[in-house]
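I have placed the structure first, in the form of structure tokens, so that the comments after it can refer back to it.
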2 protein chains.
Amino acid sequence: MNVSPAAPSPIGNEDLVGRRVLVVDDDPTVAEVASSYLRSAGFVVDEVGDGFAALAAAERIDPDLIVLDRMLPGIDGVEVCRRLRTHSSTPVILLTALGSEDDRIAGLEAGADDYLAKPFSPRELVLRVQSVLRRSIGEFTPESVLEYGGFRLDPSARTATRDGAELALTSREFDLFEFLLKHRNQVFSREDLLRTVWGWTYGDLSTVTVHVRRLREKIEPDPRTPTLLTTVWGVGYRFTTNGDADAVG
Amino acid sequence: MNVSPAAPSPIGNEDLVGRRVLVVDDDPTVAEVASSYLRSAGFVVDEVGDGFAALAAAERIDPDLIVLDRMLPGIDGVEVCRRLRTHSSTPVILLTALGSEDDRIAGLEAGADDYLAKPFSPRELVLRVQSVLRRSIGEFTPESVLEYGGFRLDPSARTATRDGAELALTSREFDLFEFLLKHRNQVFSREDLLRTVWGWTYGDLSTVTVHVRRLREKIEPDPRTPTLLTTVWGVGYRFTTNGDADAVG
DNA sequence: CGGCATCCGTTCGCGTTCCGTAAGACTTGG
DNA sequence: CCAAGTCTTACGGAACGCGAACGGATGCCG
């Protein structure tokens with residue numbers, strides 16, 4: 001019944017208090033809201049408004065994490081991220097506009113650790129910051145490979161196989177599968193998935209429906225009658241490890 | 001990329017009982033309805049009618065969450081939200097006029113954690129409040145499994161089994177069963193159940209009757225003569241832990 | 001530069017499931 | 001035997017999930 005495949009993180013929120021976070025956004029309102037929230041959560045926050053200032057500040061104050069808007073005057077957020085990566089491994093959370101898939105991919109490829117679609121709930125931001133920080137402080141291990149019931153997901157390589165055979169998953173499908181596999185045997189509403197997997201605060205829930213269907217097409221023995229990625233009527237979806245699974249955690 | 005909250009503390013709805021909610025609306029009717037529903041869900045509720053009072057009350061009673069109407073006499077709801085943010089991180093749910101997408105965005109950027117379009121269903125409000133609170137405490141922390149007399153309920157997976165065999169319960173049936181199993185050996189009137197399980201303050205009591213019957217059909221050895229989910233004549237229903245008990249006195 | 005393929009988000013119609021209510025039969029207690 | 005309470009059944013409507021298809025955006029390759 002244990003859900004977490006990796007050992008539970010030994011890092012409490014207390015260990016995060018006092019960490020430095022650099023917020024980079026040209027919109028003062030957004031920056032202000034984000035900052036005040038992060039401060040309330042116990043972080044020490046600095047704000048800058050453009051890409052050059054971001055690079056300079058990153059050099060000067062050496063923050064523990066950077067929250068970076070994708071759209072910036074001067075240097076683009078993704079470019080900032082890339083340049084940061086050349087000489088540091090400071091975790092970066094990228095703020096992207098809604099729906100721009102490429103922003104997300106570009107962000108991930110540039111080395112961002114997480115992303116969040118605007119407009120975002122500040123609370124969500126805090127959760128992500130804490131999550132990323134906890135991860136980066138704790139094990140320096142890149143990311144553990146996920147294995148279950150013949151499936152094998154490698155998050156760092158972003159490849160998926162079933163019984164050794166390559167599964168041609170798209171980016172979204174991979175994210176979705178990874179999340180469900182990580183939290184198997186737990187039901188998630190479409191809204192939950194949209195928030196966590198997509199990083200959206202709101203949006204069309206049928207987006208999730210369709211992607212679930214497409215994912216099923218690739219991982220289910222018989223997509224017509226799902227046995228792994230099952231529907232919980234009126235609630236959401238669940239990756240089930242029941243009955244026939246010859247699983248090794 | 002991935003968001004793993006991985007907080008070790010399990011959070012059920014009981015942990016939300018007793019939390020303070022501040023309802024801010026200038027329409028007494030709306031405020032009253034919202035309050036009574038929230039109280040029924042176990043929250044301690046305070047009401048105020050305008051923006052200034054809201055800020056004052058927030059300062060004074062330090063609520064766990066604030067339900068805030070967007071349209072307010074005095075200070076606008078969004079502005080209230082923004083001012084709150086300068087010195088606290090109390091979660092805010094914003095009530096906005098129907099359909100206006102911009103309100104939504106403005107609200108989220110002002111620091112709201114969720115929003116709800118008017119007119120809203122009180123039940124929806126309760127769900128949102130619980131959802132946001134739970135999220136602010138720690139997301140996706142699986143609830144503890146409920147086991148008794150061969151039955152096994154897993155709230156996070158939303159699965160029910162008897163002696164290992166899957167019980168095909170509908171959403172309502174699951175909620176009802178879960179509640180009764182949690183508070184076994186305790187009698188609840190139809191009204192109680194309608195309020196707690198359904199989240200209604202009024203409604204047709206026969207709704208409960210029918211669902212009890214349907215649930216019996218699935219969990220009782222002989223549904224005609226219930227031994228587990230028994231009727232207490234003139235009072236209500238009870239999930240009985242020892243089969244023989246007919247404590248009618 | 002232009003055509004092709006891929007992926008993603010959205011939309012719409014269809015079939016199914018579930019829920020609430022009504023109405024009548026039955027049981028219980030006085 | 002009566003009245004109030006409870007059980008059973010049936011039904012219509014609403015909510016929901018699914019499948020198929022479309023248009024747009026993007027990247028790739030000729």
Side-chain angles (χ1 to χ4, degrees), chain A residues 78 96-109 115 117 158 160 167-177 187-191 193-194 197-200 202-218 220 222-226 229-238, chain B residues 101 121 123-124 127 158 167-177 187-191 193-194 197-218 220 222-227 229-238 246 248-249:
Chain A
V78 173
T96 76
L98 177 67
S100 51
E101 173 70 2
D102 294 340
D103 284 11
R104 198 173 118 267
I105 296 182
L108 289 175
E109 282 175 353
Y115 59 94
R158 290 187 77 77
L167 287 175
L169 300 185
T170 71
S171 180
R172 269 289 144 82
E173 284 160 8
F174 185 90
D175 290 344
L176 179 59
F177 196 20
V187 179
F188 297 97
S189 68
R190 290 174 172 72
E191 208 179 338
L193 294 172
L194 211 53
V197 178
W198 270 255
W200 296 0
Y202 68 96
D204 192 344
L205 298 180
S206 62
T207 295
V208 178
T209 312
V210 173
H211 273 85
V212 165
R213 170 180 141 40
R214 288 173 180 156
L215 181 55
R216 276 174 178 162
E217 206 70 40
K218 299 183 180 178
E220 287 282 354
D222 176 14
R224 294 281 171 155
T225 57
L229 211 176
T230 53
T231 301
V232 181
W233 221 90
V235 183
Y237 297 104
R238 171 186 55 202
Chain B
E101 182 80 353
S121 106
R123 184 171 179 211
E124 174 90 16
L127 287 178
R158 288 190 79 83
L167 291 174
L169 302 184
T170 70
S171 191
R172 268 288 143 77
E173 285 159 9
F174 186 91
D175 290 341
L176 179 59
F177 196 19
V187 184
F188 296 97
S189 69
R190 290 174 172 72
E191 282 175 348
L193 295 172
L194 211 53
V197 178
W198 270 256
W200 296 359
T201 43
Y202 67 98
D204 191 345
L205 297 182
S206 66
T207 295
V208 179
T209 313
V210 172
H211 272 87
V212 165
R213 171 180 147 33
R214 287 174 180 156
L215 182 54
R216 277 175 176 161
E217 202 70 39
K218 298 183 180 178
E220 287 282 355
D222 176 15
R224 296 281 168 156
T225 56
T227 55
L229 211 177
T230 54
T231 301
V232 181
W233 219 87
V235 183
Y237 299 104
R238 170 186 54 197
D246 268 6
V248 183

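By convention in this document, chain letters (A, B, ...) are assigned in the order of the sequence lines, proteins followed by strands, and residues within each chain are numbered from 1.
Residue contacts for A:T170: at a heavy-atom cut-off of 4.0 Å it reaches the sugar-phosphate backbone alone, with no base atom in range. Residue contacts shown for A:S206 include a base, since a base heavy atom lies under 4.0 Å away.
A donor and an acceptor atom never sit less than 3.5 Å apart when one is taken from the side chain of B:R172 and the other from the base of C:dG20. You'll find a donor-acceptor pair under 3.5 Å spanning the side chain of B:R214 and the base of C:dG20, going by distance alone.
Rounding to whole angstrom units, OH of residue B:Y202 and P of C:dT21 are separated by 9 Å. Rounded to an integer number of Å, the gap from CG of B:L194 to P of C:dC19 is 14 Å. Rounded to whole Å, the distance from CG on A:D204 to C1' on C:dG9 is 8 Å. For the pair B:H211 NE2 and D:dT9 C1', the interatomic distance rounds to 15 Å; values are reported in whole Å. The distance between atom CD of A:E217 and atom P of D:dC18, rounded to the nearest whole Å, is 13 Å. C:dT6 atom P lies 15 Å from atom CG of A:L169, rounded to whole Å. If you take CZ of A:R213 and C1' of C:dT11, they are 15 Å apart, rounded to a whole angstrom. Going from atom CZ of A:F188 over to atom C1' of D:dG17 covers 20 Å, rounded to whole Å.
The only option from A:T170, A:L169, A:V210 that meets the side chain to side chain contact (heavy atoms under 4.5 Å, CB included) definition with A:L215 turns out to be A:L169.
The nucleotide whose nearest atom lies closest to any side-chain atom of B:R224 is, among C:dC7, D:dT9, D:dC18, D:dT9. Closest approach to the A:W233 side chain among C:dG20, D:dG17, D:dC7 is made by D:dG17 (side chain taken as heavy atoms from C-beta onward). Closest to the A:T231 side chain, of the nucleotides D:dT8, D:dC18, C:dG9, is D:dC18. Checking C:dG9, C:dT11, D:dT9 against the side-chain heavy atoms of A:W200 singles out C:dG9 as nearest.
Nearest heavy-atom pair, B:R190 versus B:T209, reported as atom, atom and distance to 0.1 Å: NE-OG1, 3.0 Å. The two atoms that bring A:A117 and A:W200 nearest to each other are CB-CD1, 3.6 Å, heavy atoms only.
Atom CD of B:E191 is surrounded by 12 or fewer heavy atoms from other residues, nucleotides or ligands within 6.0 Å.
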